[in-house]
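Read through the structure below, which is laid out as structure tokens, and then see the notes.
Note on naming: letters A, B, ... go to the chains in the order of the sequence lines (proteins, then strands), and numbering restarts at 1 for each one. Below, each value reflects all heavy atoms present in this structure, side chains not excepted, and no hydrogens, waters or symmetry copies.
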Amino acid sequence: MKFGKSAVLALTLAFSVSLAACGNNNNSSSGSNASDNASNASAASNTASTAPAETSLSGSVIASGSTALQPLVDQVAKKFSETNSGVSIQVQGGGSGTGLTQVSEGQVQIGNSDVFAEEKIEDAAKAAELKDHQVAVVAMAAVVNKEVGVTNLTKQQLVEIFTGKITNWKDLGGKDQGIVIINRPSSSGTRATFEKYALGQKTEDLKGSIQEDASGTVKKLVTETPGAIGYLAFSYIDDTVQSVQYEGVDPTTENVATGKYPVWAYEHMYTKGDPDAATQAFLDYMVSDEVQKGDVVELGYIPVSDMKIVRDIDGNITNK
Amino acid sequence: MNEKQETPLLFRKHRAEEWIGRIYTTFCVVLLIVIIVSIVYYVASKGVATFAINGVSLSQFLFGQTWQPDSNKFGALPFIFGSFVTSLLAAVIASPLSVCAALFMTEITPNWGKKVLQPVVELLAGIPSVVYGFIGLSVLVPFLRDVFPGQGIGVAAGSIVLSIMILPTITSIATDALSSLPRNLKEASYGLGATRWQTIAGVVIPTVLPSVLTGVVLGMARAFGEALAVQMVIGNAPHIPTSLFESASTLTSVITLNMSNTVMGSVQNNALWSMALILLLMTFVFVLIVRLLERRTRI
């Protein structure tokens, strides 16, 4: 009984303490560093040869934000921690908006985003505080249900579809089938990219259109719904859906790299001002050849180093 | 001598325990109140900011029909409408099923009916909402698409998924009410020569109706707040639907879809908090209705 009582007391205390700690998630990972250091000290010495940074690095890095970038950061963080046992890296999702908010408020070291911070943060001074690190490129293509019989769409045709001017595939040379738009919510980074670079304009949400945020759900709906059209990142496209040429250009990695295919965006990792040593080492590792040629390609992104062109926030393209 | 010393010691121990218990309980209650008050305060302060700081007009927000955050149009009526329609429809679908299940368990076959049906109903309550959403998307939506006009996705799919989710809430409350019904009421009815169905229709149901309604309101409250499963099958177009099979949005689905993509403190983010505030206020209304119904429950 005595044990029971004290256990209940302890639980309540722990609960209230953890509640109090919620407001400050910076401390959450620093405690684990010391033990990591001790247990991995011996392991670190024999992997030092492949280490991208000095093994003497220590600290904790939290990266949060874009779910589109999360798989890559997750995988790279694991590899980085193997060789840098002193650095603990936590990767959280939450969306681009969350990542930018948290990095701007100093709650995390890295904020992952699909879009430029200036496009999301209304306060220009706050956006200017953030330092941009572009780590990968994600390209997307319009995808349609396999039955509609259309494989190429021009910019004008896409605009007319997504603004509701064309409502049947037969007007585009396909079969007689109503068009069902599977869109993203208006705040989505993927939608912003698609509208900016494929349509060249913002679109309104049409009555009867369907909005889903998760790429997996979009793919499932395009696969199953007759007459459906949506857009997906390259890594999600397989033979269950029909990817569509844009102005006659195939959506391929090569065409993105050479600038022929315009529907792509940088994946950003923002830091507030200059990053600390551990964060800098991790960001350096992200853009190292090992990661860019390995994990980035493997997970369906396009390496920044492969890009033959550079694009700024206003969409101006210059050759590298 | 010995006994004289022990009694006060034991007495003191009891008093100490009494005080520890009291302090502990009070601490927990205060903690609980602090948590609730801070949640309400946080949601309210964020939700009011849309109107106080960003200058969106309240009537525009509540009755405006266009939701275009990019051009500063924050009309939330389609979402409010969607939330009410789906949860009302869900209650309409689920209530008869739940009441029948409860009657079956208590009046018709109290023994094996309860043994079989109760665990099944409880199982429904334990299934995570993402599973309901996924089944809805994989089974229900294609079925609706084949049978009815439209894409299958829409208000009907959302309501059906919700109705299954709130079945256990209504059923368990109706079962409790039915099994606490005094025996003599039914016996009097049988004594007058009424059949079982006459007794159920004329005596049992009218007597437990307030309790059943409490269950229905609680079920609706749950349906009103459910986000994930509905979001997957309802389509989320920000328009008032004209048919049951047309894409629509609920307050919760819009919040979950957009919250992570918007930056804290921006107008759009604040508008989402205002919707959260509406949800919170609706919860208060539901609780109030339940309180009023409970007052009538006394048999």
Side-chain angles (χ1 to χ4, degrees), chain A residues 5 8-9 12-13 15-16 19 65-67 93-102 104-105 113-115 117 119-123 126-127 178 180-192 195 202-214 217 220-221 224-228, chain B residues 17 20-21 23-24 27-28 30-31 34-35 38 54 66-71 73 78 133-134 137-138 141-142 145-146 149-154 231-243 245-249 253-254 256-269 272:
Chain A
K5 260 183 255 164
V8 171
L9 267 170
T12 322
L13 270 173
F15 175 60
S16 46
L19 267 181
S66 165
T67 43
S96 301
T98 309
L100 289 169
T101 306
Q102 291 188 333
S104 170
E105 285 171 1
S113 173
D114 304 337
V115 294
E119 297 176 79
K120 279 269 183 210
I121 301 179
E122 290 169 357
D123 187 347
K126 269 193 168 174
V180 181
I181 300 170
I182 318 278
N183 217 334
R184 307 289 177 124
S186 51
S187 59
S188 154
T190 307
R191 172 156 166 185
E195 287 183 342
K202 291 253 173 211
T203 57
E204 288 172 17
D205 297 309
L206 296 173
K207 205 165 159 53
S209 68
I210 293 162
Q211 291 187 20
E212 297 291 343
D213 202 22
T217 313
K220 188 174 161 63
L221 283 171
E224 292 173 359
T225 312
Chain B
E17 272 183 354
I20 290 171
I23 292 167
Y24 176 70
F27 173 73
C28 284
V30 168
L31 187 67
V34 167
I35 291 169
S38 32
N54 306 119
T66 32
W67 173 258
Q68 282 167 23
D70 294 321
S71 36
K73 285 181 188 153
F134 198 71
L137 197 60
S138 309
V141 167
R145 184 167 53 220
D146 293 343
Q151 310 317 321
I153 269 178
Q231 185 207 304
M232 288 168 86
V233 298
I234 201 167
N236 308 307
H239 296 281
I240 294 181
T242 43
S243 114
F245 306 102
E246 193 175 302
S247 172
S249 308
S253 75
V254 174
T256 49
L257 272 180
N258 293 293
M259 191 58 100
S260 63
N261 290 325
T262 55
V263 175
M264 277 269 192
S266 63
V267 198
Q268 194 181 351
N269 191 272
L272 296 176

Which atoms of [X] are under 4.5 Å from chain A, going by heavy atoms: the side chain, the backbone, both sets, or neither?
X	result
Phe134(B)	side chain
Leu257(B)	both
Pro78(B)	neither
Val34(B)	neither
Ile240(B)	backbone

I need the [X] [atom1] to [Y] [atom2] distance, nearest 0.5 Å.
X	Y	atom1	atom2	result
Asn261(B)	Arg184(A)	CG	CZ	10.0 Å
Leu100(A)	Met264(B)	CG	CE	13.0 Å
Leu206(A)	His239(B)	CG	NE2	6.5 Å
Ser266(B)	Lys120(A)	OG	NZ	8.5 Å
Ser253(B)	Asp213(A)	OG	CG	11.5 Å
Asn258(B)	Gln211(A)	CG	CD	7.5 Å

Listed partners of Asp70(B) passing salt bridge (charged side-chain N to carboxylate O under 4.0 Å, His left out), at least two apart
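With sequence neighbours excluded, Asp70(B) shows a salt bridge (charged side-chain N to carboxylate O under 4.0 Å, His left out) to Lys202(A), given in chain and number order.
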Closest heavy-atom pair and its distance - [X], [Y]:
X	Y	value
Gly94(A)	Ser260(B)	O-CB, 2.5 Å
Gly208(A)	Ala237(B)	N-CB, 4.3 Å
Gln268(B)	Ser187(A)	NE2-CB, 3.7 Å

Among Ser71(B), Ser249(B), Ser247(B), single out the residue with the greatest number of heavy-atom pairs under 4.5 Å to chain A.
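Highest number of heavy-atom pairs under 4.5 Å: Ser247(B).
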Using a cut-off of under 4.5 Å for heavy-atom pairs, which of Thr256(B), Thr66(B), Val267(B), Asn269(B) has the most such pairs with chain A?
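Looking at each of Thr256(B), Thr66(B), Val267(B), Asn269(B) in turn, Val267(B) comes out on top.
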Side chains of Lys220(A) and Ser138(B): donor-acceptor distance under 3.5 Å anywhere?
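Lys220(A) vs Ser138(B): donor-acceptor pair found between side chains.
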Need one label for [X]: side chain, backbone, both or neither, based on atoms under 4.5 Å from any heavy atom in chain B.
X	result
Leu221(A)	side chain
Glu224(A)	both
Ser96(A)	backbone

Quick check: do Arg145(B) and Thr225(A) have side-chain heavy atoms less than 4.5 Å from each other?
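Yes, their side chains come closer than 4.5 Å.
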By side-chain contact (heavy atoms from CB on, under 4.5 Å) - contacts of Glu119(A) (at least two apart):
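side-chain contact (heavy atoms from CB on, under 4.5 Å) check on Glu119(A) returns Val115(A), Phe116(A), Lys196(A), Ile313(A).
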